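Below is one structure, written out as structure tokens; the observations come after it.
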Amino acid sequence: MTPNRPYLIRAMHEWICDNGLTTHLAVDAHFPGAEVPQEFVQDGQIVLNIAPRAVTNFEASNQEITFSARFGGVPRTVRVPVEAVMAVFARENGQGMAFEPEDPPPQPSPTDPSDDDKPASKGSHLKVVK
């Protein structure tokens, strides 16, 4: 089965917005693939306001959440892998959902050859049959 985290994040975001509150995401800012403004990171985490009035081009797929927002008046594009989301909650009352931390995906070892590094074969293993 596919992970339920992206579905729960989208559902909580919609529920919070439907109730006229401000959706915030708590994010592990050092998770691989997270592109967040590092100058606002505290203790390895950042809290992002994803309310519709605060962001543009908001997209929440099963793999990542992306949007544009202003930080200190400077427009930035933000990318957050769903596995980096630690919690989604309403700023006004704290209601929402926290998630268990996820381990980052394993990084390929520099000693492991990738498929691109393998030499090309010297011809097909197929034979012409007449």
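Numbers for residues simply follow the sequence, beginning at 1. Reckoned from all heavy atoms, side chains included, excluding hydrogens, waters and symmetry mates. None of these values were measured; they are calculated from a predicted model.
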Heavy-atom side-chain contact between [X] and [Y] under 4.5 Å:
X	Y	answer
Val88	Trp15	no
Thr2	Tyr7	yes
Phe40	Leu48	no
Glu35	Thr66	no

Exercise: identify the closest heavy-atom pair between [X] and [Y]:
X	Y	value
Ala29	Ala34	O-CB, 3.9 Å
Ser61	Pro6	O-CB, 3.8 Å
His13	Pro52	CE1-CD, 4.4 Å
Ala69	Ala54	CB-O, 3.8 Å
Pro75	Arg70	CD-NH1, 3.5 Å
Arg76	Gln38	NH2-N, 4.5 Å

Let me check something: do [X] and [Y] share a hydrophobic cluster, defined by ILVMFWY side-chain heavy atoms less than 4.5 Å apart, either directly or through other members?
X	Y	result
Met97	Val47	no
Phe31	Met86	no
Phe58	Val85	yes
Val55	Phe89	no

Inter-residue atom distance [X].[atom1] - [Y].[atom2], 0.5 Å rounding:
X	Y	atom1	atom2	answer
Asn19	Glu14	CG	CD	10.5 Å
Arg79	Gln63	CZ	CD	12.0 Å
Ile9	Thr23	CD1	OG1	11.5 Å
Ile65	Ile50	CD1	CD1	6.0 Å

Please check if the number of heavy atoms outside [X] that lie under 6.0 Å from its [atom1] is greater than 12.
X	atom1	value
Asp103	CG	no
Glu39	CD	yes
Gln42	CD	no

Looking at [Y], is its backbone amide N or carbonyl O close enough to the side chain of [X] to form a donor-acceptor pair, meaning the two atoms are under 3.5 Å apart?
X	Y	value
Asn49	Ala51	yes
Arg10	Ala60	yes
Asp43	Gln45	no

Reference residue Phe99; test side chain to side chain contact (heavy atoms under 4.5 Å, CB included); the match among Asn4, Leu8, Val82: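 By the side chain to side chain contact (heavy atoms under 4.5 Å, CB included) criterion, Phe99 pairs with just one of Asn4, Leu8, Val82: Leu8.
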Within residues 83-98 or reaching into it, pairs that qualify as salt bridge (Lys or Arg N to Asp or Glu O under 4.0 Å) - sequence neighbours excluded: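 Applying salt bridge (Lys or Arg N to Asp or Glu O under 4.0 Å) to every pair that reaches into residues 83-98, excluding sequence neighbours, yields nothing.
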Salt bridge (Lys or Arg N to Asp or Glu O under 4.0 Å) pairs, two or more places apart, involving residues 19-30: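 Listed once each, the pairs would be none.
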His24: side chain to side chain donor-acceptor pair (under 3.5 Å) partners, not counting sequence neighbours: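 Not a single residue meets the side chain to side chain donor-acceptor pair (under 3.5 Å) criterion with His24.
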